[in-house]
Amino acid sequence: MTSSHLTVTESDQTPRPGRWIALSVLVLAVLLVAVDATVLGLATPFLSEDLKPTGTQLLWIGDIYSFVIAGLLVSMGSLGDRIGRKKLLLTGAVAFGGVSVLNAYATTPEMMIVARALLGVAGATLMPATLALIRNIFHDPKERSLAIGIWGAMASAGAAVGPVVGGFLLEHFWWGSVFLINLPVMAVLVIVGIKTLPESKNPAPGPWDLTSVLLSLVGIVGVVYAIKEGAAHGPGWNVLVVGLLGAGALYWFVRRQLTLPAPLLDIRLFHHRGFSGAVLADLLTILGLSGLVFFLSQYLQLVQGRRPLEAGLAELPAAVGAVVAGLLAGNVARRYSVRSVVAGGLAAIGLSLAALVTISQSTGYPLLGAVLLVVGVGAGFSFTVTADVILSSVPKEHAGSASAVSETAYELGAALGIAVLGSIVTGVYRGFPTPSGIPADAASAAHESLGGAVEAAAGLPGHSGAALVAAAQEAFVDGLRFAAGAGAVVLLATSVAAWFLLRGQKLEEGVEHQRGHREDAER
């Protein structure tokens, strides 16, 4: 990489008019993808009743969206660098809206799986393009930090708002309505985006290598699938074969990138310690968080008996904390240091998860709300600063690829978190002793999941059903405590690692000329 590619011209320093309106358009896209990732969980029981999928089909309906997004993020980020990020974002937005209709009116499980996969393809175009456009719209580093903070805050808010919006819609309309809400948002995004977003791309991108695209897709989907299947059903030949195929494809992908004159992803970015440290912090943070948040939603509904809307509202402190911290993160990191903010944020999340080791079936909401608030603050500080570090570590021409690496770390971390922490919860849960007098088929269903236990208990006499549910709830809470402890260890260890990996890392204070000299020296 030469410094000539990184030289900032005088025009680059001029603030772009309408840049905050442009940011509001990008935020809409992020909000929508984040909402869509969480809203389906609440709709699953209604969808199951209508489409009657098998257990395997139901898993694919839930997982295929994240599989496809994870597998295509790097490819789509690189495509945006080549054809133009605005063009990719608006095309993806139109596709996202159209495929949402297909999801809403799916009539068979097979049609729903295909529709969710196509929604994942469209979603993969949106996330890297939004962050890359921020890198190119905001030239002043302090403004860019604030813009990234708003971007991250909306991603966090979307994940929390999803259950609230979903709960409201499901209590008033049919399950397809959770997809149709995408249409008006996408319409605004496209209409306003055409007028306000600037086009940006790599001026000398080279060809889009389709072999690399295929290797990336096969590699990431193979690894994520093997992790999820292994956690859900234990290791088997199919899991081993798919996992090895994925790992082999990723190895081949990395080797190929190192030989291509215009790689899909510049692997040499990882030689930059700040870039590698930020990506690793993202991946392990999400690993520690995602599995726990996933099971906490079930705890609120199936253990404490909250309705979907109430459970969604109960999780809002996390979003509030993330929004506030995200907006302050850039200034705090400049005043103190990048590593203190990131490591401190991760430590705060770790200590909050450690507090959940004391959770019981009757734990009051003040403790849960306080834990969620601190988790949100920690995540807001950490994710905002790491995103800023990742974007600042690369030239503008490669912003799409760098953004995609950040998003891929997020998706992989989510898959790993649900798999690893999920296997802890499931392992502890399945061992609970069945109360006497429970029929074998009901006991078998109850040991599969807490939802299965509640459903099985509904068909039993009052006393037997209540005893089965009580035993299942107690086992689930035991599993949740173990998972919280494991998540706390992961987050606290990541905090220590971030302290060393991000040593000396700083956020930019002003527009830098010739930044390439510094990066080349670091490498």
Side-chain angles (χ1 to χ4, degrees), residues 145 148-149 151-153 155-156 159-160 273-294 296 317-357 370-393 405-418 420-421 424 483-507:
S145 292
I148 291 171
W151 177 89
S156 302
R273 182 164 44 81
F275 183 89
S276 298
V279 170
L280 183 66
D282 280 357
L283 189 147
L284 292 177
T285 303
I286 285 295
L287 188 155
L289 270 177
S290 60
L292 203 72
V293 170
F294 177 77
L296 200 58
V320 173
V323 169
V324 173
L327 297 178
L328 298 174
N331 285 334
V332 176
R334 284 184 176 85
R335 180 169 181 178
Y336 298 100
S337 69
V338 165
R339 74 171 182 173
S340 62
V341 172
V342 175
L346 298 178
I349 302 170
L351 293 172
S352 297
L353 298 188
L356 288 181
V357 172
V371 164
L372 286 165
L373 180 64
V374 176
V375 162
V377 170
F381 276 128
S382 177
F383 284 136
T384 303
V385 175
T386 53
D388 205 334
V389 167
I390 288 168
L391 280 185
S392 301
S393 300
V405 171
S406 174
E407 296 296 333
T408 304
Y410 186 100
E411 291 294 335
L412 278 175
L416 281 164
I418 291 172
V420 175
L421 298 187
I424 294 172
V489 170
V490 170
L491 265 297
L492 292 172
T494 306
S495 171
V496 174
W499 180 260
F500 290 104
L501 285 170
L502 297 175
R503 185 180 69 252
Q505 190 69 40
K506 295 182 185 299
L507 297 186

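Below, all heavy atoms of this structure are taken into account, side chains as well, without hydrogens, waters or symmetry copies.
- Shown here are the side chain to side chain contact (heavy atoms under 4.5 Å, CB included) partners of Ala348, two or more places apart in sequence or in another chain: Val374.
- Residues forming a side chain to side chain contact (heavy atoms under 4.5 Å, CB included) with Val371 (at least two apart in sequence, or on another chain): Ser352, Ala355, Leu356, Leu367, Val375.
- Sorted by first and then second residue, the side-chain hydrogen bond (donor to acceptor under 3.5 Å, both in side chains) pairs involving residues 373-383 (not counting sequence neighbours) form an empty list.
- In terms of heavy-atom proximity, Val389 sits nearest to Ala278 at CG1-CB, 4.1 Å.
- Pairing each heavy atom of Ala498 with each of Val342, the nearest pair is CB-CG1, 4.1 Å.
- The heavy-atom pair separating Thr494 from Val490 by the smallest distance is OG1-O, 2.7 Å.
- Counting only distance, with no hydrogens or angles, the side chain of Ser495 and the backbone of Leu491 share no donor-acceptor pair below 3.5 Å.
- In terms of heavy atoms, Ala354 sits closest to Ala488 at N-CB, 3.6 Å.
- The nearest pair of heavy atoms linking Gly378 to Ile349 is C-CD1, 3.8 Å.
- Every side chain to side chain contact (heavy atoms under 4.5 Å, CB included) that Tyr336 has, sequence neighbours left out, goes to Val332, Ser340.
- In this structure, CZ on Phe383 lies 8.0 Å from CG on Leu346, to the nearest 0.5 angstrom.
- Taking CG from Leu327 and OG1 from Thr384, the interatomic distance works out to 8.0 Å, rounded to the nearest 0.5 Å.
- Side chains of Val279 and Ile390 form a contact here, defined as non-hydrogen atoms less than 4.5 Å apart.
- Annotation for Ala484 and Leu353: closest pair CB-O, 3.5 Å, computed over non-hydrogen atoms.
- Taking the side-chain hydrogen bond (donor to acceptor under 3.5 Å, both in side chains) definition, one finds that Thr386 meets it with Asp282, sequence neighbours left out.
- Residues passing the side chain to side chain contact (heavy atoms under 4.5 Å, CB included) test with Leu351 are Leu492, sequence neighbours excluded.
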